[in-house]
Amino acid sequence: MTVKIAEVIVDVAAYPVDRPFDYLIPVEMQELIECGSRVRVPFGPRSVLGFVVSIKNETDLSIAKLKPITKLLDIEPVLTSEMLTLAKWLKHETICYEIDVLQAMLPSALRAKYEKFVSLQVNVEQLSFLLQPYFTKTKKVNYKIFEKDQLLHELKIAIKQNQVVIENVVKQQGNIKEVRKVKINDSREALQSIYENISNRAKKQKLLVEWMMNHVDEVFEPKEILDEVNCSDAVLHSVMELGAAEFIHEEVFRDVFTKDVKKTDFLDLTEEQAGALKQVINAMEQKVPETFLLHGITGSGKTEIYLQAIEHCLNDGKEAIVLVPEISLTPQMTERFRSRFGEQVAVMHSGLSVGEKYDEWRKIHEGRVKVVVGARSAVFAPFENVGILIIDEEHESTYKQEDTPRYHARDVAVWRSKYHQCPVILGSATPSLESFARAKKNVYKLLTLKNRAVSHSLLPEVQIVDMREELKNGNRSMFSEKLVEAIRVRLEKKEQMVLFLNRRGYSSFVMCRDCGTVVQCENCDISLTYHRSNEKLKCHYCGFEQWVPTTCPECQSDHIRYFGTGTQKVEEEIAKLFPEARVLRMDVDTTKTKGSHEQILEMFGDGKADILLGTQMIAKGLDFPNITLVGVLSADTSLHLPDFRSAEKTFQLLTQVSGRAGRHSLPGEVFIQTYTPEHYAIELAKVQQYEPFYEREMWTRHQAGYPPYYYLALIQISHEDVLMASEYAGKAADYLRSNLSFNVSIIGPTASSISRLQNRYRYQCLIKYKVEPNLIDTFIQLIKIYRSDWIKKGIQLSVDLNPSSI
DNA sequence: AGCACGCCGACT
DNA sequence: GTCGGCGTGCTC
């Protein structure tokens, strides 16, 4: 018999081991192990988790050198061969370790958890008396305890004397939720004989077994039986002791859907919608991996097109993947999918617990569902027969992962569409410039929806309010007179409104009124944010917290107070202006707990509040018929960020929020307050015209040499010491300058916009290029230098290809 | 990445 | 003489 050898990628993220290692497959596993299986293997002196990426009969090494696989972790492989191929591509595309990609494809529950245990080898009395108390009850104690109690030295001596050994245990994090059920004996005769042996005095027991005889081999929940037979659990237990039934453990799927939804039917499509849908269906039928850019104004019914395309896909026996930006923010969206496709839908988003995510993943893996609606990582849904991939709000930056593997879900979707020969739909009211430019060049196929789907619903009227004028007239509040008046009218008419405060960075900080000192984070060069709920100052970047100081840390003055306008402050101001208004606030503070999004939105939907006040998170997907006013308190904040996409982001945001108003029969009105009303992003958001904005912004990008005209790569270098950071950032820039061609421009190094983060000084280099075939290879060379030399000096280097922001 | 191995200086 | 510091190199 030939030997079977598995190539395994081990769970160690390091450059020298970022390649497959050969292992012998033990005979008993030969029928079970497949490509994509998770295994445990010995690796050097330890035991680690790994993924089988191929199986072969020979090896370049001597067979004697190979170690056998210790354990097969799953009967069914967790990764499809598609995922293994995709991982190799993504690894190269994003310059990261293969193991990073493989991990990103799976729910975190399937990742390994390594735990060290100290195992006692002798009698407790033989141990040093310091260690004895730990081993009185058990022979295995978690290593961490000794670390915490600072007994490592004692432990070391005990190890030397062979009193204890260290055991490394690879654990699986995923805990499958189980319920205990009662399974009734599968033989009627056995039950009969049990029945006859029960004493006549035990009436309840007799009754119970009698009942069981009518339910041979069936499974019940204990409570069901007790209710049915009307007996106590003591009776059930004694009958089970006699062997009439046994407890079994059954896996359950945690139900992530909070409430039942009514089944809904298709909506009639407008001519525009039908035309767009037809093209998508054509591509599905012809099996063309075409990417469609569905550009439709807010309220034009993009979702209905998705739903009907999916319906077609399911009828064809295929599966569908739908990506939405951070889905927990849009419960209304998931509800629409669930109400149309019911139990065939799995939902994946960051609001779920590790266990819940794992359950949803298993539904996909086991083929129990046909549709997945999820955030970025759902693009890796392990379907094997994908018929369509849909990315809603295609322009959202959340589709790009910020840390390794720095993949873009759009790229992965397009890759998978080629693999499955199926179409992709990118949907947006305000497509990213990259995508729209590709559509113009016919790389993507453009589908346009110009009209709102619900007849009579018109685009809201948008008014720009120049806040400089307000200031001149002595109004120093957050609310312009026009907006105050509009709110008053709505309150009288009992209509609802949404007030939008641009981004959370615009929150309160604490400043000394005497010397102007703003309290900063100890670890980062960033102002601390004031959180009223617990009277603390918090760093949004590293999580650092401190009490609000009573005196200025610089000049000891006690004229120190908080400034700025977080949502909390706006809420107070509303309360002053309109004491009768019922306000719901939605921001990071009020949505910390699970399900609070849904709760707030439900309350608002039920008309329990007049005003919904919030940050980014309310911009998307809200669809309430009674909203007739949208107020943007300050449109400028995102405009002046040091990022080439700031105008694009502002335009997108304003268009999004404006779209919340007047979606149904009532007409909507939008007020945008700004200090720069003449900026094109704001002017064009007012008229809600995407194409003129696109043309104008493309011109700016062309002038400045930014995407889509150029590609970008961002190199970040950090070190605890400023000089080291800047020195090595310079070395990196020099290396790139001498190894890349002349038409690549390398900007920097410059200090990053947050120049110190978690006590590390940060420098960055921006690379702009059009075509540079050896770009990735040059980066890989640079990373090699970094890994072999710089890393020892404490330098950290990262490369982000096509960064979402700079 | 982790971990063992090994070579050198400071101690019971 | 031995303990323990960290530089070096390997992991099928």
Side-chain angles (χ1 to χ4, degrees), chain A residues 2-27 29-30 33-73 84 88 91 95-104 108 111-119 128 142-144 146-147 150-162 164-171 403-405 718 780 783-798:
Chain A
T2 53
V3 274
K4 279 213 168 187
I5 292 157
E7 289 192 357
V8 174
I9 298 284
V10 292
D11 179 24
V12 181
Y15 172 66
V17 293
D18 184 33
R19 60 184 177 86
F21 284 83
D22 292 353
Y23 284 90
L24 290 172
I25 303 178
V27 187
M29 292 180 205
Q30 288 192 358
I33 283 190
E34 293 176 57
C35 287
S37 291
R38 272 186 328 151
V39 290
R40 205 163 84 198
V41 290
F43 193 63
R46 55 212 168 114
S47 173
V48 297
L49 186 123
F51 295 93
V52 176
V53 292
S54 88
I55 292 171
K56 55 189 185 179
N57 293 313
E58 49 198 27
T59 173
D60 300 337
L61 294 108
S62 80
I63 297 274
K65 264 194 97 176
L66 299 193
K67 293 178 184 172
I69 290 171
T70 316
K71 197 178 174 188
L72 173 66
L73 295 176
L84 295 175
K88 289 204 183 94
K91 163 192 180 174
I95 319 183
C96 68
Y97 305 122
E98 198 163 332
I99 190 69
D100 284 333
V101 185
L102 296 177
Q103 301 275 29
S108 60
R111 274 174 223 165
K113 200 173 114 191
Y114 297 92
E115 260 184 318
K116 271 199 234 177
F117 284 95
V118 180
S119 165
S128 97
N142 198 318
Y143 178 85
K144 275 191 197 151
F146 299 97
E147 228 169 12
Q150 304 200 339
L151 287 167
L152 292 186
H153 187 74
E154 300 292 327
L155 203 59
K156 201 164 181 183
I157 296 166
I159 293 167
K160 269 205 180 132
Q161 298 178 352
N162 296 320
V164 296
V165 290
I166 303 272
E167 278 174 22
N168 277 295
V169 180
V170 184
K171 272 195 171 177
D403 38 50
T404 45
S718 73
I780 291 173
I783 288 170
K784 272 191 184 162
I785 298 172
Y786 151 69
R787 279 171 185 155
S788 61
D789 187 24
W790 301 2
I791 199 165
K792 291 173 200 152
K793 300 188 169 79
I795 298 280
Q796 267 177 24
L797 182 148
S798 71

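Here is the naming used below: chain letters follow the sequence lines, and residue numbers restart at 1 for every chain. When reading the values below, keep in mind they use all heavy atoms of this one structure, side chains included, and skip hydrogens, waters and symmetry mates.
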Chemist: How long is the line joining CG of A/D11 and C1' of B/dG2, in whole Å?
Modeler: 12 Å

Chemist: Report yes if the side chains of A/I69 and A/M29 come closer than 4.5 Å at any heavy-atom pair, otherwise no.
Modeler: yes

Chemist: Where the side chain of A/L61 is concerned, which of C/dC12, B/dA4, B/dA1 is the nearest nucleotide?
Modeler: C/dC12

Chemist: How about A/D11 and A/F43: do any of their side-chain heavy atoms sit closer than 4.5 Å?
Modeler: no

Chemist: Heavy atoms under 4.0 Å, any strand shown: does A/P42 hit a base, just sugar-phosphate, or nothing?
Modeler: sugar-phosphate

Chemist: Output the rounded distance in Å from CG (A/L66) to P (C/dC12).
Modeler: 9 Å

Chemist: May I have the distance from A/K793 (atom NZ) to C/dG7 (atom C1'), rounded to whole angstrom?
Modeler: 14 Å

Chemist: When only distance counts, do a donor and an acceptor, one from the side chain of A/R787 and one from the base of B/dA1, lie under 3.5 Å apart?
Modeler: no

Chemist: I'd like to check A/L61 versus A/D22 (side-chain heavy atoms, cut-off strictly below 4.5 Å). Are they in contact?
Modeler: yes

Chemist: Where do A/C96 and A/V101 land on the side chain to side chain contact (heavy atoms under 4.5 Å, CB included) test, with the steps shown first?
Modeler: CA-CA 8 Å; A/C96 68; A/V101 185; 3.6 Å; yes

Chemist: How about A/I63 and A/I5: do any of their side-chain heavy atoms sit closer than 4.5 Å?
Modeler: yes

Chemist: Whether A/K65 contacts C/dC12 is assessed here as follows: a side-chain N or O lying under 4.0 Å from the phosphate OP1 or OP2. Is that the case?
Modeler: no

Chemist: Could you tell me the separation between the OH atom of A/Y15 and the C1' atom of C/dC10, rounded to a whole number of Å?
Modeler: 15 Å

Chemist: To the nearest angstrom, how far is A/Q103 atom CD from B/dA1 atom C1'?
Modeler: 13 Å

Chemist: Of all the choices, C/dC12, B/dA1, B/dC3, which nucleotide is nearest to the side chain of A/Y23 once you look at every atom?
Modeler: C/dC12

Chemist: May I have the distance from A/I9 (atom CD1) to C/dT11 (atom P), rounded to whole angstrom?
Modeler: 16 Å

Chemist: Rounded to the Å, how far apart are A/R19 CZ and B/dA1 P?
Modeler: 16 Å

Chemist: Please determine, for the side chain of A/V12, which listed nucleotide (B/dA4, C/dC12, B/dA1) has the closest atom?
Modeler: B/dA1

Chemist: How long is the line joining NZ of A/K4 and P of C/dC12, in whole Å?
Modeler: 22 Å

